[in-house]
Asks: 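Pasting in a structure now, in structure tokens, and then I'll have a few things to ask.
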Amino acid sequence: MAGGDSSDRSLEYTPTWALAAVCFFFISISIILEQSIHLLTKWLKRHRKNALFDAVEKLKSELMLLGFLSLLLAVTQDRISKICIPVDAANVMLPCRKSTNNHGAAPSVDSCSSEGKVALVTQDGLHQLHIFIFALAVMQIVYCVLTLALGRAKMSRWEAWEKETQTTEYQVANDPNRFRFTRQTTFGRRHMSSCTGTPFQLWIKCFFRQFFHSVAKVDYLTLRHGFISAHLSASNNFDFRKYIQRTLEEDFKQVVGISPLMWFLVVILMLVDVYGWHVFLWVSCIPLLVVLVLGAKLEVIVARMALQIKDQNSVIKGTPLVRPNDSLFWFGHPGFVLTLIHYTLFVNAFELAFFIWVTIQFGFNSCYHEHTAIIVIRIVLAVTVQVLCSYITLPLYALVTQMGSNFRSKVLEEQIANIIRQWHAEVRERRKKQELFIPSPARKSLSTEWSPRRSSTSAHGVSSFQRPRYMRSDSINKGKIVELGERSDQIVVLKEEAAAGSSRRPSRAVVLELPTARRQ
């Protein structure tokens, strides 16, 4: 057999050991990946990371979508490659200049060449497209995880600020009975300067502020105070930093996925990738522009909340109180900021995925890398967007978007569940202590005394009963339910008699038994 014929060898003439080795390799990789995801979900469930658990579930759905797409491409690539189009249509909107040297496959192999046409997409082209889609999905997931990890690393110093709110020095410095001029506060000196007279000056100041101390300590403490005053009780025990982390985990499950509109955006970007247009150079500038404008907008929101305090009162009492409001955000919707971040990350992930795919498939000498300066600019812009989005935009988004009118009560489900479990444990302890003070003979006699009168068994075999009468007794009206018995038909009522000027009498337990219908 000639050496060139080995590429066309089918499974009929493939050694069984080679086939078994390849199958074993891919099956092992798939099982390892599936078990890794399963262990990750179990760990998230055990540690009650519900938002991240939902994100992993969405990731699994994205992987299932990729698997289904891969299956469709594998099944239909033979039929798609047999779709023929005219030669003139095949030479329109090419991503690379057509070379005079033909290094492709022989024309006789193509079934459309006999008709004077060319294939819509060759099998090699479908295989390369398959790899690109997989690279795009993986890069989107990696990019979102990396952005969240770097952003949370930047927000790690907020933990020290949160602990400071529990100290005596903080409570003394923010005494609610202390009067101060608004401009004399640290928050006022930061935002109420002479450069905020016009909206243009305010935007210019906030645009450059995002690069230097984008989230200051005074901003965090002031916005924390405004959030607690607007949505919670006036207590310093609320962990605002942990609440922000939970909201980020909730948002992560939305950012990690690829929506149908994003897939259509990929189709449009692939459509306009025409030689000489340099569309991807301009597309790489869009994420940078969006990140810079978004960071400036978030800084403007904080500055406008400070200016509102200045317009309302020149003298404040205690800590400056900002008032959360949806009208400060674009279109009155704080969630629109997350949508912009989502699309920005996706477009940037598309840039990196496309660069990696072209380099692997066609090498550095391909027409996609014809202009080295453009390639360097695109890579620099992609890395810059990654840094800005992780260290500036994401912390600002996590803090400032809490100043909306609505309160995310869903992220407190874990904390509420812990409070309920703690309350349940305390109730059980109180029940055990109360049972020690209730004598068992009295419980039995009173149980018999207060039992309702049961009537005789009816003909159908079900015993009927009369409802207990409501007794107009002061001892019952003054009763207080202190225990629920193990059975659902018993209620222990503790009688409390405390006449004015008289000594307390020992409490007496009363048991009400609610009869249940018994079947024969």
Asks: Between W203 and F200 (judged by ring centroids, cut-off 6.0 Å), do the two rings come close enough to count as a pair?
Replies: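 Ring centres of F200 and W203 not closer than 6.0 Å.
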Asks: If you measure from the Lys or Arg side-chain nitrogens to the Asp or Glu carboxylate oxygens, is any gap between K242 and E162 under 4.0 Å?
Replies: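 Between E162 and K242 there is no salt bridge, as every charged N stays at least 4.0 Å from the carboxylate O atoms.
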Asks: Determine yes or no for a side-chain-to-main-chain donor-acceptor pair under 3.5 angstrom, with Y368 supplying the side chain and P95 the backbone.
Replies: no
Asks: Under the side chain to side chain contact (heavy atoms under 4.5 Å, CB included) criterion, do M93 and L271 qualify, and how do the steps go?
Replies: CA-CA 8 Å; M93 299 180 68; L271 174 65; 4.1 Å; yes
Asks: Would you name the heavy atoms of A303 and C206 that are closest together and state the gap between them?
Replies: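 Closest heavy-atom pair between A303 and C206: CB-SG, 4.1 Å.
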Asks: Just verifying a value: how many Å separate I80 CD1 and L129 CG, rounded to the nearest 0.5 Å?
Replies: 9.0 Å
Asks: Any chance you could lay out the side chain to side chain contact (heavy atoms under 4.5 Å, CB included) test for W158 and F240, step after step, and finish with the verdict?
Replies: CA-CA 9 Å; W158 295 1; F240 188 52; over 6 Å; no
Asks: Do other residues, nucleotides or ligands put more than 12 heavy atoms under 6.0 Å from the NE2 atom of H127?
Replies: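 Atom NE2 in H127 is not packed in, count stays at 12 or less.
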Asks: Write down the atom of V380, the atom of T384, and the distance for their closest heavy-atom approach.
Replies: O-OG1, 2.7 Å
Asks: Between the side chain of E351 and the main-chain N/O of L281, is any donor-acceptor distance below 3.5 Å?
Replies: no
Asks: Please tell me whether D124 and T122 have a donor and an acceptor in their side chains that are separated by less than 3.5 angstrom.
Replies: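 Checked: D124/T122 side chains show no N/O donor-acceptor pair below 3.5 Å.
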Asks: For V322 and L223, work out which heavy atoms get closest and say how close.
Replies: CG2-CA, 4.2 Å
Asks: To the nearest 0.5 Å, tell me how far L298 CG sits from R209 CZ.
Replies: 13.5 Å
Asks: Report yes if some heavy atom in the side chain of R152 is under 4.5 Å from a heavy atom in the side chain of L394; otherwise report no.
Replies: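 No, every pair of side-chain atoms sits at 4.5 Å or beyond.
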Asks: Closer than 3.5 angstrom, by distance alone: can the side chain of S366 be matched with the main-chain N or O of G363 as a donor-acceptor pair?
Replies: yes
Asks: For residues A353 and A135, report the shortest heavy-atom separation together with the two atoms involved.
Replies: CB-O, 3.9 Å
Asks: Indicate the atoms forming the closest heavy-atom contact of S214 with K154, along with that distance.
Replies: OG-NZ, 4.3 Å
Asks: What I'd like to find out is whether the side chain of Q308 reaches to under 4.5 Å of the side chain of L328, using heavy atoms alone.
Replies: yes
Asks: What closest approach, in Å, do M139 and A349 show between heavy atoms, and which atom pair accounts for it?
Replies: CG-O, 3.4 Å
Asks: Would you call W161 and R224 a side-chain contact if the rule is heavy atoms closer than 4.5 Å?
Replies: no
Asks: Using side chain to side chain contact (heavy atoms under 4.5 Å, CB included), reason through L288 and V385 one step at a time and then give a plain yes or no.
Replies: CA-CA 5 Å; L288 179 62; V385 170; 3.8 Å; yes
Asks: Is the backbone of F134 close enough, under 3.5 Å, to the side chain of W357 for a donor and an acceptor to pair up by distance?
Replies: no
Asks: Say you draw a straight line from OG1 of T401 to CG of D326; how long is it, rounded to the nearest 0.5 Å?
Replies: 11.0 Å
Asks: Less than 4.5 Å apart, side chain to side chain, heavy atoms only: is that true for T147 and F252?
Replies: no
Asks: Going by heavy atoms in the side chains, are Q77 and H130 under 4.5 Å from each other?
Replies: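 The answer is no, as the side chains (C-beta and beyond) never meet within the 4.5 Å cut-off.
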Asks: Between Q140 (side chain only) and A137 (backbone N and O only), is there a donor and an acceptor less than 3.5 Å apart?
Replies: no
Asks: Before giving the answer on side chain to side chain contact (heavy atoms under 4.5 Å, CB included), spell out for Y397 and L294 the whole-Å C-alpha distance, their side-chain angles and the decisive distance to 0.1 Å.
Replies: CA-CA 9 Å; Y397 161 79; L294 190 57; over 6 Å; no
Asks: Check whether any side-chain heavy atom of M155 sits under 4.5 Å from a side-chain heavy atom of V215, and report yes or no.
Replies: no
Asks: Rounded to the nearest 0.5 Å, how far apart are NE2 of H371 and CZ of R378?
Replies: 11.5 Å
Asks: Do NZ/NE/NH1/NH2 and the carboxylate oxygens of R246 and E250 come within less than 4.0 Å?
Replies: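 A salt bridge is absent here (no side-chain N lies under 4.0 Å from a carboxylate O).
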Asks: Please indicate whether N91 has more than 12 foreign heavy atoms, meaning atoms of other residues, nucleotides or ligands, lying under 6.0 Å from its CG.
Replies: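 Correct, the count exceeds 12.
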Asks: Would you please indicate if the ring centroids of F350 and F280 are separated by under 6.0 Å?
Replies: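 Centroid separation for F350 and F280: below 6.0 Å.
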Asks: T198 side chain to Q201 main-chain N or O, any donor-acceptor pair under 3.5 Å?
Replies: yes
Asks: In the structure I gave you, are the side-chain heavy atoms of F354 and L269 within less than 4.5 Å of one another anywhere?
Replies: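 A side-chain contact under 4.5 Å is absent here.
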Asks: Taking the side chain as every heavy atom from C-beta outward, state whether T372 and F364 have any pair of such atoms under 4.5 Å apart.
Replies: no
Asks: Could you measure the distance from the OG1 atom of T393 to the CG atom of L340? Nearest 0.5 Å is fine.
Replies: 10.5 Å
